[in-house]
Asker: 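Questions regarding the structure given below will be posed in turn.
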Amino acid sequence: MEGPVRVRFAPSPTGALHIGGAHTALFNWLWARHTGGQFILRIEDTDLQRSTKEFEETILAGMNWLGLDWDEGPDIGGPCLFYRQSERQDLYREHANRLLETGMAYREGEAVIFRVPQGVEISFDDVVYGRVNVMSETLKDIVLMKSDGMPTYNYAVVVDDATMGINMVIRGEDHISNTPKQLLLYDALGFGRPNFGHLPMILGTDKKKLSKRHGATSVYEYRDMGYLPDAVFNFLALLGWCPRDGREVFSREEAAKLFEIQRVTKRAAVFDIDKLNFINQEHVKALPKMERLEMTLPFWKDISMPVDCHSPAYLADALELMEGRGQTLKRMAEFSDYFLSFDVVKNRYDGSALDEAKKPVLRRFYKELLEIDPWKAEAMEALARNWGETEGIALKEIAMPLRYMLTGGKVSPGIFHVAELLGREELKCRLAHYGMA
RNA sequence: GGUCCCAUCGUCUAGUGGCCCAGGACACCGCCCUUUCAAGGCGGCGGCACGGGUUCGAAUCCCGUUGGGACCGCCA
């Protein structure tokens with residue numbers, strides 16, 4: 001089939017958009033965008049029992065979150081008019097009747113079943129797996145229409161892909177053994193065959209197909225854990241593919257430009273959360289300052305931080321100091337709580353670790369620190385170093401107690417930078433609480 | 001059980017007969033920086049599943065073995 005590439009993602013609305021589905025949708029999107037073709041979204045809701053409108057909505061929302069926009073679909077329509085299988089019933093019935101009339105299919109009960117011919121070698125060239133051959137006698141007859149009047153997956157997918165002009169079918173490798181059956185139907189119905197490209201499966205760390213047993217499987221769970229959509233996209237794109245130049249951190253646009261379906265790998269890939277964390281951190285660091293703030297705000301709110309008590313500029317500065325520490329927005333929000341609230345610091349640190357014997361000398365230093373001018377981290381550090389030298393105190397002896405009093409913990413960005421951002425008044429307040437100012 | 005698919009460091013991968021006694025990234029470990037690491041810099045560990053071929057030469061081609069996986073539903 002010639003013409004522009006037309007690919008599709010065809011989820012069934014029986015659950016949220018999970019990682020495996022997102023991966024398939026992503027590769028279809030990449031190929032459509034890379035070739036300048038069309039990406040079509042079709043809802044396979046022939047399972048009357050399990051399909052719901054709510055799931056359909058969450059799947060679309062999940063794709064939007066990942067930035068996978070489609071050119072035709074149930075919500076925006078398109079030249080095919082109907083993008084839900086439940087709306088395309090006439091088509092399935094009509095083509096099934098054709099098969100019935102020519103004797104290629106028969107009735108059993110209310111169902112329509114395709115008679116698989118014997119002795120036929122079915123083969124196709126998969127863009128990623130290469131040539132696949134199967135003898136037709138290894139196949140059982142194929143149910144086309146179920147007794148409830150709905151088409152089966154293997155049948156509906158053929159009628160839909162053919163009538164919607166899909167010329168490239170990109171889907172999970174678990175469908176590779178369905179392909180010969182579908183090919184038989186393409187031929188019987190007189191439809192031209194599309195090209196096929198199967199994608200490697202995504203496995204859990206136990207090497208089993210990714211499922212709910214492995215924890216988070218819905219893309220929304222990743223959003224809620226503080227992963228950026230661009231990072232999840234980037235990470236998923238790396239499962240089964242990598243750009244020629246070997247770069248591993250890239251944007252959606254770069255991926256679309258560099259993507260080559262011929263370079264997709266065959267081996268199933270394990271979902272490695274460590275790598276996702278790394279990719280996410282890189283994307284968090286690359287985010288424009290105010291955008292990073294925008295993305296982090298919800299996570300601060302989740303842990304009841306008084307975000308409205310601070311200026312956006314201040315909060316954005318705080319995140320900049322964090323330099324992506326924590327890897328996810330959620331953890332970054334947690335690790336930086338002391339910029340927003342002194343209460344959390346007080347709860348974490350009661351001041352008991354302060355060495356009584358050293359308090360007097362520290363008090364003198366902090367007094368001088370609070371009067372420093374200009375109020376700059378560099379000046380503070382210089383002061384601390386001079387002080388340490390003349391008083392015979394290691395910088396550490398000065399910095400660590402300060403870190404505890406300002407942040408409530410032992411880990412933070414450079415403590416004088418923290419102090420600078422917190423401001424003179426806030427610093428005075430925090431030190432005073434611990435009796436050090 | 002039948003059919004199909006897969007097989008490079010722990011993980012993601014580069015590699016399509018000589019450039020590979022196998023390269024990168026994450027993780028891990030170590031060192032450095034140093035006021036801490038959850039930041040940064042540098043380095044290290046670690047792999048072609050096995051056995052036969054083919055070839056002057058194989059991670060790359062062929063066969064077999066083993067090990068994984070998928071499908072075999074009037075689910076998709």
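A, B, ... follow the sequence lines: proteins, then strands. Residue 1 opens every chain.
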Asker: Let me see the working for A:T179 and A:H198 under side chain to side chain donor-acceptor pair (under 3.5 Å), right down to the final yes or no.
Answerer: CA-CA 10 Å; A:T179 308; A:H198 287 87; 3.3 Å; yes
Asker: So A:E44, base contact, sugar-phosphate only, or nothing? Heavy-atom distance under 4.0 Å.
Answerer: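 Here A:E44 touches the backbone only, sparing every base.
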Asker: Identify whether any heavy atom of A:R171 sits under 4.0 Å from a base atom; if not, whether one sits that close to sugar-phosphate; answer base, sugar-phosphate or nothing.
Answerer: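 Touches nothing.
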Asker: With sugar-phosphate meaning primed atoms plus P, OP1 and OP2, does A:F271 contact a base, only sugar-phosphate, or nothing at under 4.0 Å between heavy atoms?
Answerer: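 A:F271: no heavy atom of the nucleic acid under 4.0 Å.
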Asker: Closest approach to the side chain of A:D47, judged atom by atom: which nucleotide of B:A76, B:G40, B:U35 is it?
Answerer: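 Closest of the options to the side chain of A:D47: B:A76.
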Asker: Within the 4.0 Å heavy-atom criterion, would you say A:Q49 contacts the bases, only the backbone, or no part of the nucleic acid?
Answerer: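 No contact.
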Asker: Whole angstroms only, please: what is the CG-P distance between A:D161 and B:A76?
Answerer: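 Checked: the CG to P distance equals 15 Å.
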Asker: Which base sits across from B:U55 as a Watson-Crick or G-U pair, both distances under 3.5 Å?
Answerer: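 B:U55 is paired with nothing.
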Asker: For A:T205, report the nucleic acid contact type (base, sugar-phosphate, nothing); a contact means any heavy atom under 4.0 Å.
Answerer: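 Since no nucleic acid heavy atom lies under 4.0 Å of A:T205, the category is nothing.
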Asker: Look at A:D206 together with A:K208 and state whether they make a salt bridge at an N to O cut-off of under 4.0 Å.
Answerer: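 Looking at A:K208 together with A:D206, the answer is no, because their closest N to O distance does not fall below 4.0 Å.
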Asker: From B:U35, B:C74, B:A76, pick the nucleotide closest to the side chain of A:A399?
Answerer: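 Taking heavy atoms from C-beta onward, the closest nucleotide is B:U35.
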Asker: Students often get this wrong, so: under 4.0 angstrom with heavy atoms, is A:M201 touching a base, only sugar-phosphate, or nothing?
Answerer: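 No contact.
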Asker: Across all strands, who's sitting opposite B:C71 as a Watson-Crick or G-U wobble pair, both distances under 3.5 Å?
Answerer: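 Its partner is B:G2 (Watson-Crick or G-U wobble, both distances under 3.5 Å).
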Asker: Indicate, with a heavy-atom threshold strictly under 4.0 Å, whether A:E110 touches base, sugar-phosphate, or nothing.
Answerer: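 No contact.
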Asker: Would you mind classifying the nucleic acid contact of A:L395 as base, sugar-phosphate or nothing, using non-hydrogen atoms under 4.0 angstrom?
Answerer: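 Here A:L395 touches the bases of the nucleic acid.
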Asker: What's the closest nucleotide to the A:R267 side chain, out of B:C6, B:A38, B:C26?
Answerer: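 Given the options B:C6, B:A38, B:C26, the side chain of A:R267 is closest to B:C6.
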Asker: Rounded to whole Å, how long is the line connecting atom CG of A:L321 with atom P of B:A38?
Answerer: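 Checked: the CG to P distance equals 18 Å.
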Asker: Reckon A:R50 touches a base, only the sugar-phosphate, or nothing at all at heavy-atom distances under 4.0 Å?
Answerer: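 If one applies the 4.0 Å heavy-atom cut-off, A:R50 turns out to touch a base.
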Asker: Touch check for A:N277, heavy atoms < 4.0 angstrom, all strands: base, sugar-phosphate only, or nothing?
Answerer: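 A:N277: no heavy atom of the nucleic acid under 4.0 Å.
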Asker: A:M145 has an atom CE; how far is it from atom C1' of B:C74, in whole Å?
Answerer: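 Taking atom C1' of B:C74 as the reference, CE of A:M145 is at 11 Å.
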Asker: Which one is paired to B:A49, where only Watson-Crick or G-U wobble pairs with both distances under 3.5 angstrom count?
Answerer: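 In the structure as shown, B:A49 has B:U65 as its Watson-Crick or wobble partner.
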Asker: Counting the atoms with a prime plus P, OP1 and OP2 as sugar-phosphate, which does A:F335 contact under 4.0 Å by heavy atoms, base, sugar-phosphate, or nothing?
Answerer: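 Base: the residue A:F335, judged by heavy atoms under 4.0 Å, touches a nucleobase.
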Asker: Would you kindly check whether a donor in the side chain of A:S177 faces an acceptor in the base of B:C4, or vice versa, at under 3.5 angstrom?
Answerer: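 Absent.
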Asker: Checking all strands, does A:N178 fall into the base, sugar-phosphate, or nothing category for heavy-atom contacts under 4.0 angstrom?
Answerer: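 Base, at least one base heavy atom under 4.0 Å.
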Asker: Output the rounded distance in Å from CG (A:N280) to P (B:A38).
Answerer: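 For the pair A:N280 CG and B:A38 P, the rounded distance is 18 Å.
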Asker: Check the surroundings of atom CD in A:E110: do more than 12 heavy atoms from other residues, nucleotides or ligands lie under 6.0 Å from it?
Answerer: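 Atom CD in A:E110 is not crowded, with 12 or fewer foreign heavy atoms closer than 6.0 Å.
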Asker: Tell me whether the centres of the aromatic rings in A:F235 and A:H283 are closer together than 6.0 Å.
Answerer: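 No.
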Asker: Counting side-chain heavy atoms from C-beta on, which of B:G24, B:A38, B:A14 comes nearest to A:V411?
Answerer: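 Closest nucleotide to the A:V411 side chain: B:A38.
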Asker: Determine the contact category for A:I415: base if any of its heavy atoms lies under 4.0 Å from a base atom, sugar-phosphate if only primed atoms, P, OP1 or OP2 are that close, otherwise nothing.
Answerer: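 The residue A:I415 makes base contact.
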Asker: For A:Y83 and A:W70, I'd like to know if the aromatic rings sit close, meaning centre-to-centre distance below 6.0 Å.
Answerer: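 No, the ring of A:Y83 stays outside the 6.0 Å limit from the ring of A:W70, centre to centre.
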Asker: Check every strand shown and say whether A:S12 touches a base, only sugar-phosphate, or nothing at a heavy-atom separation below 4.0 Å.
Answerer: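 Sugar-phosphate, backbone atoms only, no base.
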